[in-house]
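Since the model is a prediction, treat every value here as computed from it, not as a measurement.
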Amino acid sequence: MSGSSPIQSLQQQRLLLQLEYQTEREAYRLQTETMGIGRKVKRGDAWFPLRIGKSYYNSLNQFVTEVYRTQDTEIDHNFEFGKPIVFFRQKDEKVHDFRFTASVAYVDGDRMVVTMPEGHALDIQNSDDPIGVRLSFDETSYHMMFDALDRVIRAKGNRLAYLRDLFYSRQPAQRFTFEPMRFPWLNQTQERAVNEVLRAKDVEVVHGPPGTGKTTTLVEAINETLMRESQVLVCAQSNMAVDWISEKLVDRGINVLRIGNPSRVNDKMLSFTYERRFADHPDYPQLWAIRKAMRELRKTRKGRDDKFHQKLESLKSRAAELEIRINAELFGEARVIASTLVGSANRLLEGQKYGTLFIDEAAQALEAACWIPMRRVSRVVLAGDHCQLPPTVKSIAALKAGLGKTLMERIVENKPECVTLLQVQYRMKDEIMRFSSEWFYEGKVETAPQVQSRGILDWGVPIEWRSSNVSLTPSPSPEREGSDYSPRVKSEQEEHSIEAPLVPSDKHSTPLPPWGGAGGEAFLGESFVSESYGRVNRGEAILTLGTLQDYLTKIGKQRILDEQIDVGVISPYRAQVQYLKQLIRKREFFKPYRHLITVNTVDGFQGQERDIILISMVRSNADGQIGFLRDLRRMNVAITRARMKLIILGDVATLTRHPFYKKLYEYVESLHA
């Protein structure tokens, strides 16, 4: 889009977003038509069968129904606040959708509270057939993004137009000048970042590589900004990221009002949500009584009744008055309003203006989403790391044409003077961080001295690569460039392998050879499960758990339990993640440690860390095809989660044809020389 005006660039982006919208909607339609409920449940996109609980009006006067998951409770699901959902019933193996839409109010373990139209609760409660619920296509988020882009494109002579033109040009951003403030509890680059945030009149970027204390710095910057402004808006792409920053701000003693519900439901997290605060307000019982009276009045209405209308209008106006009063107090007391980027379009924020918008994890958000809250503010501070996970883009064409380029990347490119890199990391032993620092951050990220003295075992190197090399014959067809699958016909065995257990009869408590065990040829290299799952490498999975078992045995059970030494097992492929989970559940050795072991995809580990990390790379083929392992930002996340020990398990012959993995392998080997 170089050489084009800001408006042309944004119009082009709108076209790409339209393409992404159509791609995702079509994929959802095909998935709905072709994918069985069992597969959806295993993917975490459906609960079936459900037990239906009670229905009631919540404090926001929304009609809600509780539903409970009764099977497959160990599967990680994708339901969270705000997501649209569809109820269905199954009769004679056929699935019938109910003709109403609902959305998730919140999820707590295997209990979900769902907002739905009042008249339809009886439909699901009285059904003789088993009931389920599945995720629906999220139209709302797209409409919000289209609306935000249209608003920015149309903007003239206002602050939004100024920021638009500034972000798309080399024009220098405006700054205040003052002597730097001292924050002795921060390191030098963190202190500089806070000062740069305070000096920025228009925009500032806090670039936080893994373990460099980005959240600590952001909390300090928000706290200092609140010394100068009465209120700020804090947003992030995901509910989890909003929860994380909100919790840290609350711990700092700052009054946060969280719009929307948290991804983790506990008293601490709920205590600063708008819904809980609204219900706890002293005027709420009176409002609840008026709303109840209105509902009763509607039920008893008889024909045309002028008194009914008068009475209803009177109650409505008293309810509105109380609601306005409660909202004014809640928003008046709050110093930070926190929401997702899409959540910032909530009607509660209508007409609200803020001096500063902070966007956390800005490198994971589509640019269009960042423009949603921008209309409410004078300046913006973006925090994140564009060398870690990018935004999710499903359309390959839209991705290649530039939809994946974030606003943060654009500003880093156009305004390097507005970027502060945090340079001291506190998470990993130096050997684990050094490669990432050299490859992604020009060698500028250093390790804090106090981290280097930590360790699990007195001997050994903090990072190693266990090869799962096997000799393979070339696969019958080439991969589609940039995609995560080969366009080959799947065998019946592969098609069936996720629906049936992925696990072989593994009764061994000692490590099996990488392709050994009862399965023989079935465990040779990678195999393809389906387009919606990607790939699995059974032999490497068994090697991964054998390696973990061996390492935990060396540390000793008592020490692991006493010190709560935690473990992360990461794989870029969901099929491998599910397979590893099944293996761990079946293997007796891991029983005492299960609460300390997390198995997830790279995306699932974003922002997290563990004492020990194992990465199962999966890819193993004679063609050197590595699919989406070419997305090096994803691998940067994977290799920087470990505090003290990182073990990579991967086919050296396949992976090292790519320069990044060749360099990584050589680096690991040099540590062992």
Side-chain angles (χ1 to χ4, degrees), residues 54-65 81-82 102-106 113-119 121 140 144 147 226 229-235 246 250 254-262 267 270-340 342-355 372-373 375-377:
K54 60 183 179 179
S55 296
Y56 54 92
Y57 284 89
N58 68 8
S59 58
L60 305 183
N61 208 28
Q62 299 162 324
F63 187 77
V64 296
T65 297
F81 167 76
S103 68
V104 179
Y106 69 83
V113 179
V114 173
T115 311
M116 61 193 295
E118 182 178 356
T140 310
M144 302 289 187
D147 183 55
L226 289 170
E229 298 172 20
S230 60
Q231 209 170 50
V232 299
L233 182 58
V234 175
C235 293
S246 297
V250 169
I254 295 168
N255 187 326
V256 175
L257 188 61
R258 166 80 157 94
I259 307 298
N261 275 324
D267 267 355
L270 285 169
S271 65
F272 47 84
T273 63
Y274 170 76
E275 189 175 331
R276 174 67 67 85
R277 293 267 180 90
F278 194 90
D280 287 347
H281 192 277
D283 287 345
Y284 175 70
Q286 193 186 344
L287 176 62
W288 188 87
I290 294 169
R291 285 172 173 172
K292 190 180 177 190
M294 285 162 70
R295 286 194 287 272
E296 296 297 328
L297 188 63
R298 285 191 180 104
K299 280 180 193 168
T300 57
R301 181 186 180 183
K302 292 172 188 167
R304 285 195 62 180
D305 182 351
D306 290 339
K307 281 185 180 172
F308 164 82
H309 283 298
Q310 282 172 1
K311 205 166 182 184
L312 189 62
E313 287 308 312
S314 167
L315 288 169
K316 268 186 185 172
S317 98
R318 277 170 62 199
E321 196 182 304
L322 276 171
E323 208 169 317
I324 289 165
R325 191 195 310 164
I326 295 172
N327 281 340
E329 281 188 33
L330 295 183
F331 279 90
E333 291 164 0
R335 304 297 312 279
V336 169
I337 308 298
S339 76
T340 59
V342 170
S344 69
N346 193 301
R347 63 173 185 81
L348 290 166
L349 302 188
E350 214 45 68
Q352 303 266 11
K353 291 284 180 195
Y354 306 92
I372 298 172
R375 64 184 162 128
R376 306 193 189 286
V377 302

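Arg376 contributes a side-chain N or O that, together with a main-chain N or O of Leu349, makes up a donor-acceptor pair within less than 3.5 Å. Put simply, the side chain of Ser103 never gets that close to the backbone of Gly82: no donor and acceptor are under 3.5 Å apart. Judged by distance alone, with hydrogens and angles left aside, the side-chain atoms of Arg276 form no donor-acceptor pair with the main-chain N or O of Asp267 at under 3.5 Å. The backbone N or O of Leu226 lies less than 3.5 Å from a partner atom in the side chain of Arg335, making a donor-acceptor pair. Looking only at distances, a side-chain donor or acceptor of Gln231 sits under 3.5 Å from a matching main-chain atom of Phe331. Of the possible donor and acceptor atoms, none in the side chain of Arg375 sits under 3.5 Å from a partner among the backbone N and O of Lys353.
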Take Ile259 and Leu348 through the test side chain to side chain contact (heavy atoms under 4.5 Å, CB included) and record every step on the way to the result.
CA-CA 9 Å; Ile259 307 298; Leu348 290 166; 4.3 Å; yes
Just do the side chain to side chain contact (heavy atoms under 4.5 Å, CB included) check on Val232 and Tyr354 with the steps written out, would you?
CA-CA 6 Å; Val232 299; Tyr354 306 92; 5.9 Å; no
Derivation and outcome, side chain to side chain donor-acceptor pair (under 3.5 Å), residues Arg277 and Asn255
CA-CA 11 Å; Arg277 293 267 180 90; Asn255 187 326; 3.2 Å; yes
Between Arg291 and Glu323, does the side chain to side chain contact (heavy atoms under 4.5 Å, CB included) criterion hold? Intermediate values first, please.
CA-CA 11 Å; Arg291 285 172 173 172; Glu323 208 169 317; 3.4 Å; yes
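Judged by distance alone, the side chains of Arg295 and Asn61 do bring a donor and an acceptor atom under 3.5 Å apart. Side-chain atoms of Tyr274 and Asn261 form no donor-acceptor pair, as typed in the model, at a separation below 3.5 Å. Between the side chains of Tyr57 and Glu118, at least one donor-acceptor pair of N or O atoms lies under 3.5 Å.
The line from CG of Leu322 to CD1 of Ile290 is 5.0 Å long, rounded to the nearest 0.5 Å. Distance CD/Gln62 to CE/Met116: 13.0 Å, rounded to 0.5 Å. Rounded to the nearest 0.5 angstrom, Glu350 CD and Gln352 CD are separated by 9.5 Å. One distance of note links NZ of Lys307 with CD of Gln310; it measures 8.5 Å at 0.5 Å rounding. Atom NZ of Lys292 sits about 14.0 Å away from atom CG of Leu297, to the nearest 0.5 Å. Atom CD of residue Glu329 and atom CD1 of residue Ile326 lie 8.0 Å apart, to the nearest 0.5 angstrom.
When each of Thr273, Val336, Leu270, Ile337 is paired with Arg258, the side-chain contact (heavy atoms from CB on, under 4.5 Å) condition holds for Thr273 and for no other.
Looking only at side-chain heavy atoms (C-beta outward), Ser59 and Tyr284 come within less than 4.5 Å of each other. Two residues are said to be in side-chain contact when any heavy atoms from C-beta on lie closer than 4.5 Å; Lys54 and Tyr56 meet this criterion. Taking 4.5 Å as the limit, some side-chain heavy atom of Ser55 sits within range of a side-chain heavy atom of Phe63. A heavy-atom distance below 4.5 Å is not found between the side chains of Gln286 and His281. Looking only at side-chain heavy atoms (C-beta outward), Leu287 and Phe278 come within less than 4.5 Å of each other.
Nearest heavy-atom pair, Phe272 versus Val256, reported as atom, atom and distance to 0.1 Å: CB-O, 3.3 Å.
Taking a cutoff of 4.0 Å between a charged side-chain nitrogen and a carboxylate oxygen, Glu313 and Lys316 qualify as a salt bridge.
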